[in-house]
Every structure is written in C-alpha cells, then in structure tokens.
K.L.:
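Just passing along the structure, written as structure tokens.
Per chain, numbering begins at 1; letters A, B, ... match sequence-line order.
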2 protein chains.
Amino acid sequence: MTELNKDTEGKILEAAQDVFTEKGMSGTRMQEIADKAGINKSLLHYYYRSKEKLFGAVFKAVLVKFMPKTLKVLSSDLPLFEKIEKFVDGYIDIITKHPSAPLFLIFELHRNPDGIAGILLNAFKEIGFNPVESFAKDVKIAKEMGLVHEGVDSKHLFVNMMSLCIFPVAARPLLQRIGFENDKKAYDKFLEMRKLEVTTFLINSIRKS
Amino acid sequence: MTELNKDTEGKILEAAQDVFTEKGMSGTRMQEIADKAGINKSLLHYYYRSKEKLFGAVFKAVLVKFMPKTLKVLSSDLPLFEKIEKFVDGYIDIITKHPSAPLFLIFELHRNPDGIAGILLNAFKEIGFNPVESFAKDVKIAKEMGLVHEGVDSKHLFVNMMSLCIFPVAARPLLQRIGFENDKKAYDKFLEMRKLEVTTFLINSIRKS
DNA sequence: TTATAGTTTAACCATTTGGTCAAAATTATT
DNA sequence: AATAATTTTGACCAAATGGTTAAACTATAA
C-alpha cells in the first residue's frame, strides 16, 4: 500500500491491481484480492459489482498510470533526437517501477483485443492525439532538416523504440536467467544502463553522417 | 490439425497447444481441449495424468518448436553480421507462424519463473551452449576485426535483437490497432519488411565507419 | 471363439469460485 | 437519544472445473 489511510474502495483497487497485473484476469481469485485488501470478499461486490467490472477498473487505472507521462513527452514539440531520449528515459523508468504492467496489458489485449483496445483508442480520440502519427511528423521534419536518412520509416522506428523499452522488462524472468545468472542487481544495473544504450542505439541507426 | 490421421495422444497435444498458448495455464479449460481434440475429457487424464502434466508437455513442445532452428543459427560459425541477418530472418518467420507462442512463454515464465526457467536452462546445459555467451564471443571477434565499435555491449545487442523480433509480434493486437487501423494485411507486410529493417537497423547501429 | 490388454466413454465426485443475502456493525442525520 | 442510511460481515448457493471410476468397446493373440 502506498498510502496508509485509504478508503475501502481505494484499498480494493490497489490490491486488485497487484493481483490482476501479476496473474492476469483468469489467474486472479476474488478471495485473494479480498485478503490482500484486508476485507471481506462480499465487499468487493459491494463496490465493484463483478469480477469483470473490477478488472475493467484495474485495466483503466493501469492505463492512466502509464499514458499521461509518456504522452506528454510524445506530444511535446521537442526535436526528434531529444524526444527519443526523453521518451526512452521516462518509459524505462516507469515500467521498471511497474514491471508486470506491460505484460499484463499485452496479454489481456491478446485475450480480448477488440473489447479492450477500444478503451485505448477512445483515450487517444479523447485527447485527439495518435502517438504513431505524431511521431511520423517528427521524423519527416528531421528528414527535411537533413538529420536522419531518407530511408528511415517512422513506424518501424516507433515500434523499435517501444520494443527496446518494453521487452527487456517484460521478459526479465527469462533474460535475467539466461544472461545474468539470475543476479537481480546486475539486471537492475543493466536496465539502468539501457536508458543511454537504447537512446544512442536508436539515434545511431537513423542519424545522417 | 496439421495432419489428418494422428494418434489420440498427438491430437490431444496439438489441441492442448492451441488452447494453452492462446489462453495461458489458468485460462485454459480441460473441456475445451477435449472438445477441440474431438474426444472425451477423461481421455486427457488417461494420457496425461493432470492439467499440470499436460501443460508441461505443451510447454516443452513449444520450446522444441522454437529452439532448434534458432540455436542452429546462433551456434553456427557465421560472421556476426551474417549471423544477425540469418537469425532475424528465421526468428521473425517462425514467430509469425506461431504468434501466440512467445507471449505464452513469457507470461508463464513470469507466473512461475523458477519452475519453468529450469526447463530452459537444462536444455542449454544439455547442449552445452549458452546463446548469450556465444554471442559475446562473436562480438568480440568482430571488434578485433575492426568491424564494430569498441563501445558495443554484446548483451545489449543480444537483448535488442530479441526485443526487435519478438515484441512486434507479441504486441500485435495493440500495435496493429494504434498504427495500422487494424489492417491485418498491412501489418503482415510490415512484419515481412521488418526482416530487412531490423537487420540493417542492428548493423547500422554497431558498424564501424 | 475366447481371454486379455489397451482404449474410450458416461456418470459422478469434491473442491473451487464468483456471486447473493440477510443480519450485524458502524456512521450520519434528525 | 432515536432513527435512518451506509458499510461490513458470515453463511450460503449454483455453476464450473479438475479429476475419478466402473463399465463398454476394440483390437489382438491363443
């Protein structure tokens, strides 16, 4: 629990977030959430009518935790290289703090794509901002300024950036074992270094000259 | 079903693979596997004693499908750049053919890291080959030949390569929607192009001169 | 043909699980 | 203080689920 004094509804949502992001929708038991929140199982249904409703609330909450910071960077008018740097830095930070969140989002999206992707797309519509399109503009400008190769494809670049940030955290249980002898601290350090590594890696591969 | 005539045990394993990789351990119902295999639920327990045993068989089968091809490339004595090219090409191919497999592996590994990673590590031990270490040697040689920058870190490079191959397939339900208007063919094409894109992207970022 | 071993099925069982409900406890209102 | 509204609990329920078992079916060999 982040805060000590919280109303029941908040305590439930927080506990639910822990369990849902860790075990996914189908792996989560309402009883476990209740235990973690230190309350009776019936209370879950009192505040959130059903498991699905509670799941929806959690999913939204996780999105809200992730989107604002990252969108702020992406929608800023920083030049491309700085934007990449800021994004990578902030993104690796935030998913390191919530390591099970991205895998949770991806897995549940895979399970029920249309039902869940709707939430995301609506969020984009509401703020009238699509990160992919916005990124394409940035790349175009950088090309016109002669900073990046003409051959650079903005969509590939965007996907590359996301991949390089998310995958090493999502696949940590695997990677930490096959490449770091399961040394937690070593992997933490590795992730910290990745901020610079990924940034220079990305920029090196697109920079002209 | 790939083959028409299969013994019951094979039919079960194939159906189980479909359902498990799609929905994960906790989201899978034994009944659904039985239905998909066209047999009685009791038969599942006749051939594989329990759900966990069946899950274990599936997990191993998925590993076996992935490992050999990729390990063959990684353990070959091709020079670094060609090795990267061959690996990326083959890997994107195979995970495009089994799109839910990598997410399945990662998710289940996240759920029960020690229990499951053991299988993997044992597989490596058996063949006396660790892809990460082997890759480190290749990079070292390429450095000595003056082909790549001194600053290149082999572990980052390896993780980058895996990330760039796996994530775009694993997160397809999300990416296809936010960047490709949910156009399946467009995303297929995007993935196909990624083979070249990722290869040049990786090599550009490490090549000297 | 008949005995035998292996395969498949239907009926059942025990437990788990999401969910309900009425009563108790607590808090707010008059 | 008395009453009403809200919150919390424990007991309970129906459906789902992994698993068992005995019987039926099939193929094989003597």
K.L.:
Using a 4.0 Å heavy-atom cut-off, write out nucleotides 9-25 of chain C from 5' to 3' as B (base contacted by protein), S (sugar-phosphate only) or - (no contact).
P.N.:
BBB-----SBBBB----
K.L.:
Could you list where the contact with chain B starts and ends along DNA chain D, reading 5' to 3', using a 4.0 Å heavy-atom cut-off?
P.N.:
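Contacts span D:dT17 to D:dT21, reading 5' to 3'.
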K.L.:
Can you list everything that forms a side-chain hydrogen bond (donor to acceptor under 3.5 Å, both in side chains) with A:Ser42? Sequence neighbours excluded, please.
P.N.:
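Once residues adjacent in sequence are excluded, the partners of A:Ser42 under the side-chain hydrogen bond (donor to acceptor under 3.5 Å, both in side chains) criterion are A:Asn40.
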K.L.:
Holding to side-chain hydrogen bond (donor to acceptor under 3.5 Å, both in side chains), I want the full list of residues that pass it with B:His45, two or more places apart in sequence or in another chain.
P.N.:
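Per chain and number, B:His45 pairs via side-chain hydrogen bond (donor to acceptor under 3.5 Å, both in side chains) with no residue.
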K.L.:
Identify, with sequence neighbours excluded, every residue that meets salt bridge (Lys or Arg N to Asp or Glu O under 4.0 Å) alongside B:Glu85.
P.N.:
none
K.L.:
Got a sec, which residues hit side-chain hydrogen bond (donor to acceptor under 3.5 Å, both in side chains) with B:Gln17, two or more places apart in sequence or on another chain?
P.N.:
B:Lys65
K.L.:
Without placing hydrogens or testing angles, list every side-chain donor-acceptor pair under 3.5 Å for residues 161-169 of chain B, not counting sequence neighbours.
P.N.:
unit_1   : atom_1 : unit_2   : atom_2 : d
B:Ser163 : OG     : B:Val159 : O      : 2.6

K.L.:
Mind checking if B:Tyr48 touches a base, just sugar-phosphate, or nothing, with heavy atoms under 4.0 Å?
P.N.:
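The answer is nothing, as B:Tyr48 stays clear of every strand by at least 4.0 Å.
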K.L.:
Tell me, please, which residues at least two apart from A:Glu22 pass salt bridge (Lys or Arg N to Asp or Glu O under 4.0 Å).
P.N.:
none
K.L.:
Among all residues two or more places apart in sequence or in another chain, which pass the ring pair (Phe, Tyr, Trp, His ring centres under 6.0 Å) test with A:Tyr48?
P.N.:
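Partners of A:Tyr48 under the ring pair (Phe, Tyr, Trp, His ring centres under 6.0 Å) test: none.
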K.L.:
Sequence neighbours excluded, which residues qualify as ring pair (Phe, Tyr, Trp, His ring centres under 6.0 Å) partners of B:Phe190?
P.N.:
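Partners of B:Phe190 by the ring pair (Phe, Tyr, Trp, His ring centres under 6.0 Å) criterion, ordered by chain and then number, come out as A:His156, B:Phe180, B:Tyr187.
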K.L.:
Could you check whether A:Gln31 and A:Asp35, counting side-chain N and O atoms only, form a donor-acceptor pair closer than 3.5 Å?
P.N.:
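Per modelled atom types, A:Asp35 and A:Gln31 side chains form a pair under 3.5 Å.
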K.L.:
The criterion is side-chain hydrogen bond (donor to acceptor under 3.5 Å, both in side chains); which residues satisfy it with B:Asn182, sequence neighbours excluded?
P.N.:
B:Gln176
K.L.:
Once pairs are restricted to Watson-Crick or G-U wobble with both distances under 3.5 Å, how does DNA chain C read as a dot-bracket string, [ ] for crossings and | for other-strand pairs?
P.N.:
||||||||||||||||||||||||||||||
